[in-house]
Peer 1: 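Just passing along the structure, written as structure tokens.
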There are 2 protein chains.
Amino acid sequence: MKKNLTGAAKPAEWPVNPNAPTTPTVANPDTSAPRHGMATGRRIIGSGGSGDSGSLDEPIVTASPRKPARRRPSGRVTIADVALRAKVSPMTVSRALKSPSQVLPEARTRVEAAVAALGYVPSHAARTLASSRSRVVGVLVPSLSNAVFVETLAGIQDCLGPAGYQFLIGNTNYSPVTQTELLSTYLTHAPDGFLVTGIDESETIRQRLSAARVPVVHMYDLSQTPGEWSVGFSQQMAGFAITNYLLERGYRRPGFVAAQLDPRTMQRRAGFRRALREAGFDCDLEVLTSEPSNVGLGSKLLIQMLERAPDCDAIFCCNDDLALGALFECQRRGIRVPDDIAIAGFNDLPSSAWSTPSITTITTPRYEIGFQAAQLLLQILNGETPKKSRIDVGFTLTRREST
Amino acid sequence: MKKNLTGAAKPAEWPVNPNAPTTPTVANPDTSAPRHGMATGRRIIGSGGSGDSGSLDEPIVTASPRKPARRRPSGRVTIADVALRAKVSPMTVSRALKSPSQVLPEARTRVEAAVAALGYVPSHAARTLASSRSRVVGVLVPSLSNAVFVETLAGIQDCLGPAGYQFLIGNTNYSPVTQTELLSTYLTHAPDGFLVTGIDESETIRQRLSAARVPVVHMYDLSQTPGEWSVGFSQQMAGFAITNYLLERGYRRPGFVAAQLDPRTMQRRAGFRRALREAGFDCDLEVLTSEPSNVGLGSKLLIQMLERAPDCDAIFCCNDDLALGALFECQRRGIRVPDDIAIAGFNDLPSSAWSTPSITTITTPRYEIGFQAAQLLLQILNGETPKKSRIDVGFTLTRREST
DNA sequence: CTGAAAGCGCTTACAG
DNA sequence: CTGAAAGCGCTTACAG
């Protein structure tokens with residue numbers, strides 16, 4: 001019989017029930033179900049030489065001897081399985097899942113029942129490949145141990161999560177090299193967009209991104225380049241504002257303490273320097289280290305500052321972790337804050353409002369940055385035209401007891 | 001001309017160069033490249049009725065009038081483009097990328113050159129679909145604002161990153177419902193495995209996970225169920241140890257302060273209670289709230305505790321954030337630590353070693369938990385048989401100034 | 001509203 | 001070592 005020679009399974013057996021008894025000793029192993037055209041049992045003429053399950057008497061075009069078809073059993077419940085059970089075509093299952101309103105209620109109900117009964121889980125890979133939309137967004141932050149970026153992540157999640165997006169979260173560790181690597185890697189996932197911290201991609205990666213037509217929104221920095229999307233605030237103005245505040249409070253010998261030394265930290269320093277210069281003061285008191293920032297480091301840097309300039313009467317720490325460490329060290333040494341020395345931080349982390357004394361700092365809208373950057377990206381992805389390509393979310397000077 | 005009727009592109013135009021001039025006004029829009037069999041230009045007979053680029057005179061089997069073929073131009077550089085340029089088959093490109101040793105050096109070099117010249121980026125979706133291995137691992141943590149889990153993430157990253165895995169990081173917000181939702185969503189990505197915090201999946205999700213044959217490794221808790229993978233330590237023993245230490249130091253009226261009240265917190269409380277009971281003390285001093293934990297909350301809970309029990313001489317806070325807040329509040333009120341009241345925490349966060357006084361706490365190997373859980377998963381994914389299904393990483397009691 | 005065909009970009013499983 | 005065929009599980013783009 002020609003049909004058996006072709007190795008096609010009997011239509012009634014599509015798809016094969018793994019629990020049903022199989023014919024174990026036939027030479028031709030192709031007793032499994034071809035997955036294409038499963039619902040109707042049709043196969044492409046010439047590709048496998050099978051008949052058509054709808055009209056078994058149809059002439060068979062090619063009947064030349066051929067090798068057994070290969071099988072790749074995945075065990076996964078597919079849209080075809082659901083279709084078979086719901087007695088509709090795979091396309092209708094696809095529609096019932098994506099745009100239920102386009103499907104008649106009866107069909108929809110049957111599909112839903114089949115989905116539940118079979119425990120159907122859609123394949124993200126297949127969807128992405130077929131639709132060329134991944135619903136994935138790559139997010140790059142310089143650190144996760146810094147609460148600042150975790151809150152930004154929350155803002156992103158709250159905006160893009162409800163819209164059905166998933167995230168590839170990458171920690172660049174403040175390294176441009178790692179950032180480039182992550183962008184390359186994430187590009188293989190065909191993300192619909194990127195949300196990145198800072199603006200310092202290499203030329204190569206910039207070209208790759210535009211070649212892949214993946215929109216990129218930059219966070220924390222405000223881009224000067226037209227056509228580049230960015231949401232942030234002026235780090236320099238913030239540094240300027242808090243330094244000015246120290247001067248207004250009467251401090252005459254303020255120092256700058258910083259770690260990590262990423263571009264944003266350096267911009268804060270530029271603000272510090274400008275404030276001193278404009279007020280006619282020296283700006284020689286700076287203790288910097290490229291080490292990653294943490295509380296203990298704040299203690300150490302305070303000691304260095306005091307050894308170098310015993311007359312230093314105020315320090316501006318580039319972030320609150322450092323400020324807290326400095327405060328702890330003052331407590332340890334019996335140095336009164338702010339009477340002997342004032343301490344200012346940056347970011348307004350949760351503990352800064354509660355320490356004794358509480359810490360003067362710049363409150364940054366980091367949740368807002370994430371949310372708005374995500375919103376900007378969402379508009380771009382939806383084909384809308386955002387009003388502004390550059391959103392300044394500002395900052396607030398929060399005066400507390402430490403100054 | 002039959003060939004034009006079929007709508008097949010001229011072989012020489014495969015693939016179409018987007019910069020080349022196109023014929024703009026032909027009725028048949030199919031001038032784009034069919035992507036299948038591109039390297040050889042062969043098309044399935046009967047499926048589209050085209051000729052064979054290798055032998056143009058071959059007879060065409062079907063020549064019935066048909067609709068123009070559909071195009072789905074993605075613009076993406078594919079393995080076929082690389083193959084064409086490197087003058088090899090797509091399969092050889094695939095091998096040159098995945099297992100270079102199986103390809104002759106000359107071919108490999110040409111492939112590498114073509115990849116670089118074209119800026120080829122592999123498609124993760126296509127790879128996943130074809131290989132049914134996603135190289136993605138789902139990671140579920142209850143919080144990202146808690147530094148504890150961020151360090152666990154770092155351990156996971158350091159173990160699985162070099163092995164070529166990507167992560168879907170989900171924040172359950174301490175909610176079992178959210179955890180279930182995340183697991184469902186992530187399942188569509190066909191992850192090779194899951195790393196989850198705690199052991200409290202619902203029965204439904206447990207079945208779905210085993211149906212999908214995705215291995216799950218539990219972190220922080222130690223599973224009592226045979227066959228379940230877990231890496232953690234006994235939260236109860238840790239709570240017991242630190243409470244015992246307070247008693248040994250001579251404190252006679254210790255209280256327990258906790259927030260969030262997740263299962264692990266409650267296990268710490270069980271340890272606290274057991275220690276008091278075994279030593280013959282009352283264990284009635286507990287201030288609990290389901291609010292999320294933060295420094296400010298620690299201040300508030302300390303106040304509540306002192307109002308309720310002015311004779312309380314030591315508190316065990318379920319985590320260091322709470323302990324730090326309590327310490328700040330004591331400083332504010334002039335309560336001496338540890339002379340008037342002792343404060344103990346849990347986790348040993350960075351600031352606990354630096355505060356004044358420094359805080360006695362349980363040091364937890366959270367990086368280790370992530371790393372070892374990842375390692376366990378890696379073994380399972382590699383088909384190896386791990387020695388133990390349950391890894392106890394232990395904990396350390398770190399004595400400091402606050403007790 | 002519903003469905004058949006083709007294709008998304010790779011890899012598996014063979015064959016040579 | 002290399003390649004042609006088939007298939008992974010969906011969606012797009014048509015047609016009816």
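So that the names make sense, note that chain A is the first sequence line, chain B the second, and so on, each numbered from 1.
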Peer 1: Please determine, for the side chain of T92(B), which listed nucleotide (dG3(D), dC10(D), dG3(C)) has the closest atom?
Peer 2: dG3(D)
Peer 1: Given pairs defined as Watson-Crick or G-U wobble with both distances under 3.5 Å, what dot-bracket annotation applies to DNA chain C, with ( ) intrastrand, [ ] crossing, | other strand and . unpaired?
Peer 2: |||.||||||||.|||
Peer 1: Looking at A126(A), is its backbone amide N or carbonyl O close enough to the side chain of S123(A) to form a donor-acceptor pair, meaning the two atoms are under 3.5 Å apart?
Peer 2: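 Yes; at least one donor-acceptor contact below 3.5 Å.
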Peer 1: Working to the nearest 0.5 angstrom, can you tell me the gap between Y165(A) OH and L381(A) CG?
Peer 2: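 These two atoms lie 4.5 Å from each other.
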Peer 1: Of the listed nucleotides (dC8(C), dT11(D), dC8(D)), which one gets closest to any side-chain atom of L129(B)?
Peer 2: dC8(D)
Peer 1: Tell me: NZ of K87(B) to C1' of dT2(D), nearest whole Å?
Peer 2: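 Taking atom C1' of dT2(D) as the reference, NZ of K87(B) is at 17 Å.
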Peer 1: Sub-3.5 Å donor-acceptor pair from the side chain of N382(B) to the main-chain atoms of Q379(B), do we have one?
Peer 2: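 No.
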Peer 1: Across the strands shown, which category fits V121(A) at heavy-atom distances under 4.0 angstrom: base, sugar-phosphate, nothing?
Peer 2: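 Touches sugar-phosphate only.
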Peer 1: Return no unless some side-chain N or O of S123(B) is found under 4.0 Å from OP1 or OP2 of dC10(C).
Peer 2: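 Indeed not, no polar side-chain atom of S123(B) lies that close.
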Peer 1: Please compare R95(B) and A126(B) by the position of their nearest nucleotide in DNA chain C and report the one closer to 5'.
Peer 2: A126(B)
Peer 1: Grab the NE2-C1' distance between H124(B) and dC8(D) for me, whole Å please.
Peer 2: 14 Å
Peer 1: Could you work out which one of dC10(D), dG3(D), dC10(C) sits closest to the side chain of A130(A)?
Peer 2: dC10(D)
Peer 1: What is the distance, rounded to the nearest whole Å, between atom CG of L84(A) and atom P of dG9(D)?
Peer 2: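 Checked: the CG to P distance equals 15 Å.
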Peer 1: In residues 178-188 of chain B, what donor-acceptor pairs under 3.5 Å come from side-chain atoms, sequence neighbours left out?
Peer 2:
| unit_1 | atom_1 | unit_2 | atom_2 | d |
| --- | --- | --- | --- | --- |
| T178(B) | OG1 | S175(B) | OG | 3.0 |
| T180(B) | OG1 | P176(B) | O | 3.1 |
| S184(B) | OG | T180(B) | O | 3.1 |
| T185(B) | OG1 | E181(B) | O | 2.9 |
| Y186(B) | OH | I169(B) | O | 3.1 |
| Y186(B) | OH | G170(B) | N | 3.4 |
| T188(B) | OG1 | T185(B) | O | 2.7 |

Peer 1: Rounding to an integer number of Å, can you tell me how far R76(A) CZ sits from dT12(C) P?
Peer 2: 16 Å
Peer 1: Hey, could you give me the OG1/CZ distance between T128(A) and R135(A), rounded to the nearest 0.5 Å?
Peer 2: 10.5 Å
Peer 1: Which pairs would a plain distance check flag for residues 97-105 of chain B, meaning a side-chain donor or acceptor within less than 3.5 Å of a matching protein atom at least two apart in sequence or in another chain?
Peer 2:
none

Peer 1: Considering every strand and a 4.0 Å limit on heavy-atom distances, what is the contact class for V82(A): base, sugar-phosphate, or nothing?
Peer 2: nothing
Peer 1: Which of the following nucleotides, dT11(C), dG9(C), dA13(D), is nearest to the side chain of S131(B)?
Peer 2: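 Nearest to the side-chain atoms of S131(B), counting from C-beta on, is dT11(C).
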Peer 1: Take atom CZ of R133(A) and atom P of dT11(D), then tell me their distance rounded to the nearest Å.
Peer 2: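 Going from R133(A) (CZ) to dT11(D) (P), I get 13 Å.
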Peer 1: Roughly, in whole Å, what's the span from CG in L187(B) to P in dG9(D)?
Peer 2: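 Whole-Å distance recorded here is 14 Å.
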Peer 1: Measure the CG-CZ distance between L168(B) and F167(A) for me, rounded to the nearest 0.5 Å.
Peer 2: 11.0 Å
Peer 1: Please list all pairs meeting ring pair (Phe, Tyr, Trp, His ring centres under 6.0 Å) that have one or both residues in residues 78-137 of chain B, counting only residues at least two apart or in different chains.
Peer 2: H189(A)-H124(B)
Peer 1: How many whole angstroms separate atom CE of M91(A) from atom P of dA13(D)?
Peer 2: 11 Å
Peer 1: Could you give the CZ-to-P distance, from R127(A) to dC10(C), as a whole number of Å?
Peer 2: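 Interatomic distance, CZ of R127(A) to P of dC10(C): 21 Å.
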Peer 1: Where the side chain of S134(A) meets the backbone of A190(A), is there a donor-acceptor pair that is under 3.5 Å apart?
Peer 2: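 Flag set: sc S134(A) to bb A190(A) pair under 3.5 Å.
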Peer 1: Near DNA chain D, counting only heavy atoms under 4.0 Å, which residues of residues 97-105 of chain B show up?
Peer 2: S101(B), Q102(B), V103(B), L104(B)
Peer 1: Side chain of T78(A): nearest nucleotide among dT2(D), dC10(D), dT11(C)?
Peer 2: dC10(D)
Peer 1: With salt bridge (charged side-chain N to carboxylate O under 4.0 Å, His left out) as the rule and sequence neighbours excluded, what pairs involving residues 124-133 of chain B come up?
Peer 2: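 Matches after skipping sequence neighbours: R133(B)-D192(B).
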